[in-house]
Amino acid sequence: MSELSFFDTPQPLHPESRAFLEAVSKLNLRPYNELATVGEARDRSEAASRLGAGEVNFEGVIDDILVPQQQVSEGIPVSVYRPSNVVAHPPIVVYFHGGGNVVGSRNTVNTICKILSNGAGCIVVSVEYRLAPEHKFPAGIDDSCGVTKWVTENRVKLGGTEKSKVGVAGDSAGGQNAASVAHDVPGLSFQILVYPHVSARGDRSLKSFQEYDRGPVLPRDLIDWFENLMSDKKDWKNPRFANLLRDKFDHLPPALLVVAECDPLRDDSYEYAKKLTAAGVHNELYLAPGAVHAFFTLPGIFPELCKAAHGKSIDFIKRFGYAT
């Protein structure tokens with residue numbers, strides 16, 4: 001693919017997106033799917049986060065604990081962010097990192113968890129769910145559901161109160177996990193889905209998949225690599241994995257969908273919003289103009305785009321997470 005076609009996107013790139021892609025193109029890095037091992041891809045993901053997430057001053061306490069989970073004898077590791085400016089009856093946000101269910105960790109979303117916690121005065125629980133290919137679907141979603149259910153039953157232990165509302169949030173594959181948790185764990189007050197992949201795996205019929213077939217950031221062959229590692233093909237249309245295929249939506253909590261305009265997953269959010277609207281579920285969609293996939297957790301690279309998207313997310317937590 002020539003450099004010209006790489007930047008010639010159907011929608012105009014935001015200047016921060018263009019600068020990012022220009023810098024990455026000069027590094028001549030091999031994509032995850034061309035590296036020798038999954039371990040190398042995970043190392044690359046961690047390094048990219050360290051370089052791009054930026055530094056945030058967090059005033060508060062961060063504790064690492066283990067949450068009991070029936071399928072995991074040692075428990076699921078989580079990081080609990082408690083800000084010093086915590087509000088009365090603080091909302092508790094359970095956050096799931098992105099990375100195609102293959103790469104990523106609590107480390108790669110440390111900055112965004114601090115930003116949400118500081119900004120909304122809320123408690124954030126960041127989840128180290130199991131990854132593929134060692135643990136294929138439904139392991140990661142089972143872990144996400146299990147931790148969220150535990151959080152709803154242990155609000156006081158986490159620093160909240162019995163009146164604290166619980167919501168979920170996540171980016172990319174983490175957004176898919178959050179959407180699935182919202183379907184399966186009752187009693188949640190809100191969900192924030194950041195460019196989630198909620199359509200059936202292997203389905204490329206949505207327009208944005210065709211427009212951004214070659215990327216940037218998330219080209220088709222990289223999506224294929226993630227999909228083949230994260231699950232068996234028989235599960236690609238499982239509604240827990242592809243929430244657009246669910247048959248019931250009217251029980252869901254209010255949703256904010258954060259969408260990157262120049263992203264093959266863009267139309268997943270559009271279609272999901274239609275499902276929510278048809279079911280009478282309050283939903284809001286924020287389109288980040290000219291943004292590329294993965295921008296939300298990299299404020300060191302995308303300061304302007306992140307400021308707007310983070311502000312929308314914090315406002316949503318305040319409106320639907322604060323106890324009345």
Side-chain angles (χ1 to χ4, degrees), residues 20 24 29-33 35 37-54 56 62 64 67 72 76-79 81 93-116 124-145 147-148 168-181 192-198 201 215 217-219 222-231 241 258 260 263-265 268 292-302 306 309:
F20 166 69
V24 169
L29 298 172
R30 287 188 296 163
Y32 292 157
N33 53 297
L35 297 177
T37 66
V38 169
E40 286 185 49
R42 289 173 179 163
D43 290 343
R44 170 83 64 76
S45 172
E46 297 284 334
S49 177
R50 288 193 296 270
L51 289 171
V56 174
I62 305 173
D64 294 330
V67 172
V72 184
I76 304 297
V78 304
S79 296
Y81 298 74
V93 181
V94 187
Y95 196 96
F96 309 106
H97 68 80
N101 295 116
V102 175
V103 304
S105 69
R106 287 174 293 162
N107 293 332
T108 60
V109 292
N110 180 44
T111 294
I112 184 57
C113 288
K114 290 177 178 178
I115 289 171
L116 295 178
V124 175
V125 178
S126 181
V127 183
E128 198 78 76
Y129 58 88
R130 288 173 292 168
L131 298 177
E134 298 91 340
H135 306 283
K136 291 191 174 187
F137 170 84
I141 291 175
D142 286 344
D143 293 352
S144 301
C145 288
V147 169
T148 305
V168 290
D171 60 281
S172 195
Q176 152 64 20
N177 283 13
S180 199
V181 170
I192 299 174
L193 312 179
V194 182
Y195 35 73
H197 191 174
V198 290
R201 300 308 188 267
V217 179
L218 200 59
L222 181 55
I223 296 175
D224 290 343
W225 181 77
F226 281 130
E227 291 180 344
N228 286 316
L229 287 175
M230 72 174 73
S231 62
F241 205 34
V258 177
D263 182 358
L265 301 187
D268 276 45
V292 295
H293 193 79
F295 85 92
F296 188 80
T297 57
L298 300 172
I301 296 173
F302 303 95
C306 282

Handout entry: Distance, nearest 0.5 Å, that separates OG of Ser144 from CZ of Arg130
Key = 10.0 Å
Handout entry: Gap between atom CG of Leu35 and atom CH2 of Trp225 - 0.5 Å precision
Key = 7.5 Å
Practice task
Could you tell me the separation between the CG atom of Asp263 and the NE2 atom of His197, rounded to the nearest 0.5 Å?
Solution key: 10.0 Å
Handout entry: Stepwise side chain to side chain contact (heavy atoms under 4.5 Å, CB included) check, Asn101 with Asn177
Key = CA-CA 9 Å; Asn101 295 116; Asn177 283 13; 3.7 Å; yes
Practice task
Report the C-alpha distance between Val94 and Val181 in whole Å, list the side-chain angles of each, state the deciding distance to 0.1 Å, and finish with yes or no for side chain to side chain contact (heavy atoms under 4.5 Å, CB included).
Solution key: CA-CA 10 Å; Val94 187; Val181 170; over 6 Å; no
Fill in the blank from the handout: Interatomic distance, OH@Tyr81 vs NZ@Lys114, rounded to 0.5 Å, equals 6.5 Å
Handout entry: Considering all heavy atoms, the nearest Lys136-Asn228 contact
Key = NZ-O, 3.8 Å
Handout entry: Leu222 versus Val217, closest heavy-atom pair with distance
Key = CD2-O, 3.6 Å
Practice task
Classify the ring geometry between Tyr129 and His97 as parallel (under 30°), tilted (30 to 60°) or perpendicular (over 60°).
Solution key: parallel
Problem - Distance-only donor-acceptor check, side chains Asp268 and Tyr195, under 3.5 Å - result: no
Handout entry: Leu298 to Ala48 - nearest heavy-atom pair and separation
Key = CD2-O, 4.2 Å
Problem - Row check, Phe241 ring normal vs Arg201 NZ/CZ: under 6.0 Å, within 45° - result: yes
Exercise for the section: Decide yes or no on side chain to side chain contact (heavy atoms under 4.5 Å, CB included) for Val127 and Ile76, but give the supporting numbers first. Expected result: CA-CA 7 Å; Val127 183; Ile76 304 297; 4.0 Å; yes
Practice task
Would you indicate whether the side-chain heavy atoms of Tyr32 and Ser45 approach each other to under 4.5 Å?
Solution key: yes
Practice task
Answer yes or no: is there a side-chain heavy-atom contact under 4.5 Å between His135 and Asp143?
Solution key: no
Fill in the blank from the handout: Residues Ala132 and Arg42: closest non-hydrogen pair is O-NH2, 2.8 Å
Completion exercise
Closest heavy-atom pair, Met230 versus Gly100, reported as atoms and distance to 0.1 Å, is CE-O, 3.0 Å
Handout entry: Side-chain donor/acceptor of Thr111 to backbone N/O of Gly54, under 3.5 Å
Key = yes
Exercise for the section: First locate atom CD1 of Ile223, then atom CG of Leu265, and finally report the distance between them rounded to the nearest 0.5 Å. Expected result: 5.5 Å
Exercise for the section: Please round to the nearest 0.5 Å and tell me the distance separating atom CG of Leu193 and atom CZ of Phe96. Expected result: 10.5 Å
Exercise for the section: Please answer whether the main-chain N or O of Gly98 pairs with a side-chain N or O of Asp171 as donor and acceptor at a distance below 3.5 Å. Expected result: yes
Fill in the blank from the handout: Between Pro299 and Ala53 the two heavy atoms that sit nearest each other are CG-O, 3.1 Å
Practice task
Without swapping roles, check the side chain of Ser180 against the backbone of Gln176 for a donor-acceptor pair under 3.5 Å.
Solution key: no
